Amino acid sequence: RSRAAADVRASLRALGRARSDRAKVDGIAALVRMTRGHEAKWLVKTLPPAMQGVGISLEATVLPCLGRAALVRCKGPRVAKTDLQRAGKSIREAYARRGDVEVVADAVLGVIRGGESDFHGALVEALGRACCLAPGVPPAPMLANPANSVKDAVARLLKYKKGTTVIGRYPAIAVERKYDGQRAAIHRTASGEVRIFSRKNDDMTAKFPDVVEYVNAAAPRGVAFCLDAEIVPVGEDNKPRPFQELSTRKRVDVASAVVDVRVRVAIFDLLWLGAEDITSRPLVERRRALKAAFGPPSRDVCYADDGCADVTVDGDDDEETIMSALHDAVDAGTEGLMLKRLDAPYEFSAGPRSNAWVKLKKDYLDGLGDSFDLVVIGGWRGQGRKNKWVSPVLVAARDPATGALGSVCRVMSGLTDVFYRDFTTRVLGGEIVGDRRPSGGLLRNGPAPGVVTGETCRFWFEPRIVWEIKGADLSLSPVHKAAAGLVHSQRGISLRFPRFLRERPDKSVRDAATFAEVAERYRAQSNVSK
DNA sequence: CCTGTCTGCCCC
DNA sequence: ATTCTGC
DNA sequence: GCAGAATGGGCAGACAGG
């Protein structure tokens with residue numbers, strides 16, 4: 001044992017000295033070879049993310065290597081780049097349809113053994129046969145591209161060219177509400193078993209016994225299907241509640257009788273019905289089949305396009321139409337809109353997000369959504385690329401009555417490298433070098449007087465700098481303390497998806513957002529009970 | 001048994 | 001989730 | 001245009017320690 005420990009130690013030391021990718025891969029390989037069975041998994045978990053990325057990512061490495069291996073076996077050691085790309089694409093698409101490396105690998109092995117002369121034809125045929133969509137086996141869900149304005153959304157939709165049956169001269173677009181819940185692939189097999197999968201295809205069936213009942217009640221009898229849907233927390237009025245409430249549901253051993261957070265299922269796509277894969281059919285047809293099969297909306301199951309009307313983007317007044325639908329959607333307590341080409345097939349997310357689906361959230365738009373001027377009060381040392389800089393940064397709102405500074409959130413998104421360098425120099429007196437403790441700038445020994453937070457910062461600053469921070473919405477926080485006591489006895493108010501917009505050198509701490517303002521904006525959210 | 005901390009191919 | 005960076 | 005990196009809030013569960 002001591003012999004093995006010494007070997008491991010020596011290998012870790014060597015890995016620490018490694019500079020090139022080649023050396024890192026060799027170092028990791030040496031360590032992995034020392035492991036038995038599950039030990040490898042735990043070894044890999046201990047490596048920093050940058051090292052884990054070296055040579056062992058499934059999508060980026062394992063799948064392409066499978067293609068290369070097959071090419072080498074079938075066509076010899078000299079592999080053309082185009083062949084490699086073709087094979088890689090086929091394999092990635094197959095994996096998106098059926099996320100099971102074993103099935104994919106078996107199909108590829110079959111091609112190698114078959115020794116066909118038409119390698120690519122044989123590969124496509126074998127993968128198509130083995131990796132077909134099937135109820136009970138969740139594919140990688142189709143993803144939407146974000147748009148930062150209505151104009152941008154329309155431009156993206158027009159750019160999409162893969163549609164096969166453009167209706168009329170201009171593309172018809174489905175408008176749907178973007179509910180703030182959990183994405184769910186809801187499958188029912190031919191034997192009648194219902195399974196619910198998350199966006200990353202984790203089995204969530206145990207968490208949603210009520211959803212199983214709702215969907216079984218709405219579905220046609222004795223038919224298999226694959227639905228795409230959003231599970232949304234709702235109140236007694238059947239209106240959306242904050243996402244935060246959905247996550248308080250138990251995840252294991254849930255009996256539908258004791259579910260405390262009621263949900264509604266907003267369905268929006270149908271991939272399979274009866275014995276047929278309909279993903280290659282255009283959305284118009286899939287949606288028609290969906291509504292024919294599942295009937296009118298009910299208390300428990302609705303359609304994401306309820307309350308919306310399709311639009312045709314002909315450059316006429318579609319921007320106003322969409323903007324007005326966006327405001328309606330936000331008033332109804334949803335995040336915004338999904339805009340979808342009605343002529344596009346369902347595209348499993350192998351690679352880039354499709355422009356056939358575009359998401360338009362209110363907070364992406366300038367002038368909409370919540371933004372606050374907050375005081376910089378502390379921070380930590382960044383990891384990896386940001387090791388020389390302060391990242392993330394803790395920001396706070398203030399209470400004019402007491403002088404308290406209650407933390408709102410950490411921020412890192414939206415900060416550029418150039419800004420980091422300048423900011424770090426201002427608050428620490430220079431970039432962070434080695435293990436030396438910085439001293440200078442606005443650095444303090446502890447939190448400034450009045451600071452209230454559940455966070456423990458590595459660096460605390462003199463409260464001087466004001467930043468404008470934007471978020472999607474406000475939540476009640478167990479760690480952040482802004483406005484604590486105003487809407488909840490202990491919990492403060494925090495920002496979801498915070499990002500830095502700009503520094504406000506024109507503002508002093510006295511001009512920063514107050515607890516009262518933050519509390520008011522929290523209460524003004526349409527899904528918060530008053 | 002209670003509490004504090006850490007983890008999750010977590011959810012967003 | 002969001003955003004920035006480098007290719 | 002795309003992949004990769006570095007990170008956000010917040011929850012239930014699991015686990016460690018008293």
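All chains are named by letter (A, B, ...) in the order of the sequence lines, taking the proteins before the strands, and each is independently numbered beginning at 1. What you are looking at is a predicted structure, and each value in this text was computed from that prediction instead of being measured.
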How long is the line joining [atom1] of [X] and [atom2] of [N], in whole Å?
X        : N      : atom1 : atom2 : answer
A:Ile231 : B:dC11 : CD1   : P     : 11 Å
A:Met204 : B:dC12 : CE    : C1'   : 12 Å
A:Leu246 : B:dC11 : CG    : P     : 11 Å
A:Ile196 : B:dC10 : CD1   : C1'   : 17 Å
A:Leu501 : D:dG8  : CG    : P     : 18 Å

Straight-line distance of A:Ser198 OG to A:Asp203 CG, nearest 0.5 Å: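 Result: 9.0 Å between the selected atoms.
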Please compare A:Thr416 and A:Pro146 by the position of their nearest nucleotide in DNA chain C and report the one closer to 5'.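 That would be A:Pro146.
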Under 4.0 Å, heavy atoms only, any strand: does [X] hit a base, just the sugar-phosphate, or nothing?
X        : answer
A:Lys361 : sugar-phosphate
A:Asp417 : sugar-phosphate
A:Lys359 : sugar-phosphate
A:Gly471 : nothing

For B:dC11, which nucleotide in any strand shown is its Watson-Crick or wobble partner with both distances under 3.5 Å?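 In the structure as shown, B:dC11 has D:dG9 as its Watson-Crick or wobble partner.
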Name the pairing partner of D:dG17, where a pair is Watson-Crick or G-U wobble with both distances under 3.5 Å, or state none.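 Matched D:dG17 with B:dC2 under the 3.5 Å cut-off.
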Taking only the side-chain nitrogens and oxygens of A:Lys200, find out if one of them lies under 4.0 Å from OP1 or OP2 of B:dC10.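 A:Lys200 to B:dC10 OP1/OP2: side-chain N or O found under 4.0 Å.
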Check whether any side-chain N or O of A:Ser413 sits under 4.0 Å from OP1 or OP2 of D:dT7, and answer yes or no.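 Looking at the OP1 and OP2 atoms of D:dT7, neither is under 4.0 Å from any side-chain N or O of A:Ser413.
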Backbone N or O of A:Arg86 within a donor-acceptor pair of the A:Ser90 side chain at under 3.5 Å?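 Checking the backbone N and O of A:Arg86 against the side chain of A:Ser90, a donor-acceptor pair under 3.5 Å is found.
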Are the side chain of A:Arg98 and the backbone N or O of A:Val104 linked by a donor-acceptor pair below 3.5 Å?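 Between the backbone of A:Val104 and the side chain of A:Arg98 there is no qualifying donor-acceptor contact (under 3.5 Å).
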Output, in order, the C-alpha distance, side-chain angles, deciding distance and verdict of salt bridge (charged side-chain N to carboxylate O under 4.0 Å, His left out) for A:Lys200 and A:Asp202. CA-CA 6 Å; A:Lys200 286 185 174 167; A:Asp202 256 13; over 6 Å; no
Against the six-membered ring of A:Trp357, is A:Arg156 placed for a cation-pi contact (under 6.0 Å from the centre, within 45° of the normal)?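 Pair A:Arg156/A:Trp357 does not count as cation-pi.
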Whether A:Arg398 engages the ring of A:Phe515 as a cation-pi pair (distance to the six-membered ring centre under 6.0 angstrom, angle to the ring normal within 45°) should be assessed.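 Relative to the ring axis of A:Phe515, which defines the angle, A:Arg398 lies outside at least one limit.
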Could you walk me through whether A:Trp467 and A:Phe419 pass ring-ring contact (aromatic ring centres under 6.0 Å, His included), step by step? CA-CA 12 Å; A:Trp467 284 358; A:Phe419 186 89; 5.7 Å; yes
Do [X] and [Y] get their side chains close enough for a donor-acceptor pair, meaning under 3.5 Å?
X        : Y        : answer
A:Asp228 : A:Tyr346 : yes
A:Lys207 : A:Gln182 : yes
A:Glu431 : A:Thr424 : no

Can you give the first and last nucleotides of DNA chain C, 5' to 3', that have an atom under 4.0 Å from a heavy atom of chain A?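 Answer, 5' to 3': C:dA1 to C:dT5.
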Measuring only the P atom in each nucleotide, how far is B:dC12 from D:dA6? A whole number of Å is fine.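 Roughly 23 Å separates the two P atoms.
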Which value, in whole Å, describes the distance between the P atoms of nucleotides D:dG8 and B:dC6?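 Taking atom P in both D:dG8 and B:dC6, they lie 15 Å apart.
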Ion pair present between A:Lys89 and A:Glu93, side-chain N to carboxylate O less than 4.0 angstrom?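 Looking at A:Lys89 and A:Glu93, the cut-off is met.
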Between A:Asp399 and A:Lys481, does at least one N-O distance fall below 4.0 Å, as a salt bridge requires?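 No, A:Asp399 and A:Lys481 are not salt-bridged.
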For nucleotides 9-17 of chain D, 5' to 3', base contacts (B), sugar-phosphate-only contacts (S) and non-contacts (-) with protein non-hydrogen atoms under 4.0 Å give SSBBS----
Counting only heavy atoms and a strict 4.0 angstrom limit, can you tell me which residues of residues 383-395 of chain A come near DNA chain D?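 When residues 383-395 of chain A is checked for heavy atoms under 4.0 Å from DNA chain D, the hits, listed by number, are A:Gln383, A:Gly384, A:Arg385, A:Lys386, A:Ser391, A:Pro392.
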